[in-house]
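Numbering of ligands and ligand atoms starts at 1, following listing order.
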Amino acid sequence: MHSDTTLTAASVETAELTLDPENWDEMKVLGRRMVDDMLEHLRTLRERPVWQPMPEQVKQALRERPPEHPEGAEAAYRDFQRDVLPYATGNVHPRFWGWVMGTGTPMGMLAEMLAAGMNPNVFGGEQSACYVEEQVVEWFRDLIGYPASGGGLLVSSCSQATLTCLTVARDVKLGVDVKEGGLASMSKRPVLYASSETHNSIDKAASVLGLGRNGVCSIRVNAAYEMDTRALRTAIRRDLEEGLKPFCIVASAGTVNTGALDNFNEIADIAREYDLWMHVDGAIGTVGAMSPKLRPLFAGMERAESIAFDLHKWMYMPYGVACALVRNPDELRASFTPVIATYLARGTGGLAAGKYYYGGIGMDLSRAFLALKVWMSIKEQGVAKYRALIEQNVEDTRYLVARVETTPDLEVAAPAPLNVACIRFKPAGVSEADADALNREIVIQLHERGIAVPSGGIVGSRYVIRVANTNQRSRREDFDILVAAIHDIGHELLPSIATAA
Ligand SMILES: *Cc1c(COP(=O)(O)O)cnc(C)c1O
C-alpha cells in the first residue's frame, strides 16, 4: 500500500511509544517462568524460615534512585527475586499466626493476574466485573445469614469497610442533614459505643468522620472479653441525660486480642430501644457464620444495620479485599453520591448504561477488580471446603489450647472461643513482670529463628503470645512445633531473667 514503507516504519518507531513488549514471545516465556517460580515458591514454603531479617545491602538496594534507562523485564524480575521476595512478612507460611493475616492461595494469585491483565475499571456501568462483584457480595450476604435486602461493595480492607459503614451510620442517625451542613450543624455531640477490646480501626474511622476520639465511648468487657451490655446501657442513659447524641453501637464478631464475640442479640435490643445504628466489626470472625457448627456464636449478628468483614483474613483471599454490607443499600448511595456529576451521568445505552454505579456507593471511583479472585476461588473449591477449613482452624486452635494446658510451665491466658489463642510461658516462682519480659523475648526469638510468627499483646494486664489461626496451610504438627519451641526457648531464656533479678 505504501510506496516508501521503510521511511514510514522508521518514523513511526521513533515517534510512537508504547509500554507493550517489543517481543511478545519473550514476554510470554518470562511470564510462564514467573508463574512457575511463584507456584514452586508456594509449594516449598514449609522448607524455608517463616521470616528472616533484611540484610543491610538489600535495604541499600531498595533506596536506589529510579533508573533513567531501561534495565529490562528480566533484570526487574531478577531484582524482585533477590531483594523483595525473600524478605516478606511470611504470612503465606504454615506457621504464621501473627496479628490476623490470611495466607492467600495459588488460585487467588492466578486470578489476581487475570484481573490485572483485564484491568477493568470497576466504577460501574454495563460490564462483567460489576455483575461478578454483585454476585460475590450477595453470596457472602447469604452465606453469613444476613437479610436478603442487604447489599454493598468490596473494598481494599476492613478498615475501609468500617469507614464506609460508619459514614452511613453517621448520615442516617445524627438527626441533622450532615451531608448538607456537616457536623457543624450538630448542637449535641454525637457518641459511638464500642467495647474496650474493639479494634482501633473504629477509632480511626471516628476520627476521619469528624466525630473525634472523644466521640467514641469505650465500654468495659466481662471476664470473657465481651462487651458488658449493662455498662453499655448505663453509658447511653448517662450520655442522653447529659445532652449528648448517642447514634451507633459497634459490636465485635471476633475481637483482635482473643477472638471474643459480643452478645449481638442484647446489643441489637439496646440499639432498637434507643434508635441507634448497630454495626458489626467482623474483620476476623464474620465468615465463621458460614459454618452451621459455628453459626450459634453469631446469633443476632444479622440484626445489625451494617457489617464490615475481611475476605483476606479468614477467607484466605490474597490482599486486599473486604466487604461492606448494609441492610439498606440505598443508604450507601445517599452517603456517597452527595452531588450528581454530569461527567458521570448514566447513559441510556452502551457502557455507561445499566444499574451499576459502584463509584456512587463508596469512596473510590476508579476501582480494581477485587471480586475476581473471590469468585474464582469459590468456584474452584466450593463453599463446603471453605466451611470445613474454617472449622479446622477453630478445631486446631482448641487443640493448641489443650496442648498448652498439658505442657508444664505454659498457661492459657484467655478464653479462646474462635480462632485466637493467648498463651503464656509462666514457670512457678517467676514473677508476673518477669514472665512479661520472658514472653516478649520468646516472640522475638520465634521470629528471628524463623520457627513461627505469633504476635504478642497485652491481654488483661499481662503480655501474652497471641496465635490467630486464619492459616489454610497449618497442620497439627505445626502447633506441636510451636508449643515445643515456646517451652524450650522459655527455659533457655529463664537463667538470664534470674540473673537480671
Ligand atoms: C484486621 C482487623 C481490622 C482491620 O482490618 P484491615 O483489613 O486490616 O483493615 C478490624 N478489626 C479487627 C478485629 C481486625 O482484626
Output a table of donor-acceptor pairs, distance under 3.5 Å, between side-chain atoms of residues 245-256 and any protein atom two or more places apart or on a different chain; print 'none' if there are none.
residue	atom	partner	partner atom	Å
Thr255	OG1	Thr258	OG1	3.4
Thr255	OG1	Gly259	N	3.4
Thr255	OG1	Ala260	N	3.0

By side-chain hydrogen bond (donor to acceptor under 3.5 Å, both in side chains), which residues pair with Arg220, not counting sequence neighbours? Asp228
Heavy-atom distance under 4.5 Å between the side chains of Ser377 and Tyr386, does that happen here? yes
With hydrogens left out, which residues have an atom under 4.0 Å from ligand 1, given that only heavy atoms count? Val100, Ser157, Cys158, Ser159, His199, Ser201, Gly254, Asp281, Ala283, Ile284, Asp310, His312, Lys313
With salt bridge (Lys or Arg N to Asp or Glu O under 4.0 Å) as the rule and sequence neighbours excluded, what pairs involving residues 280-291 come up? none
Any side-chain heavy atom of Thr470 within less than 4.5 Å of one from Trp97? no
Under the 6.0 Å and 45° cation-pi test, does Arg327 pair with Tyr146? yes
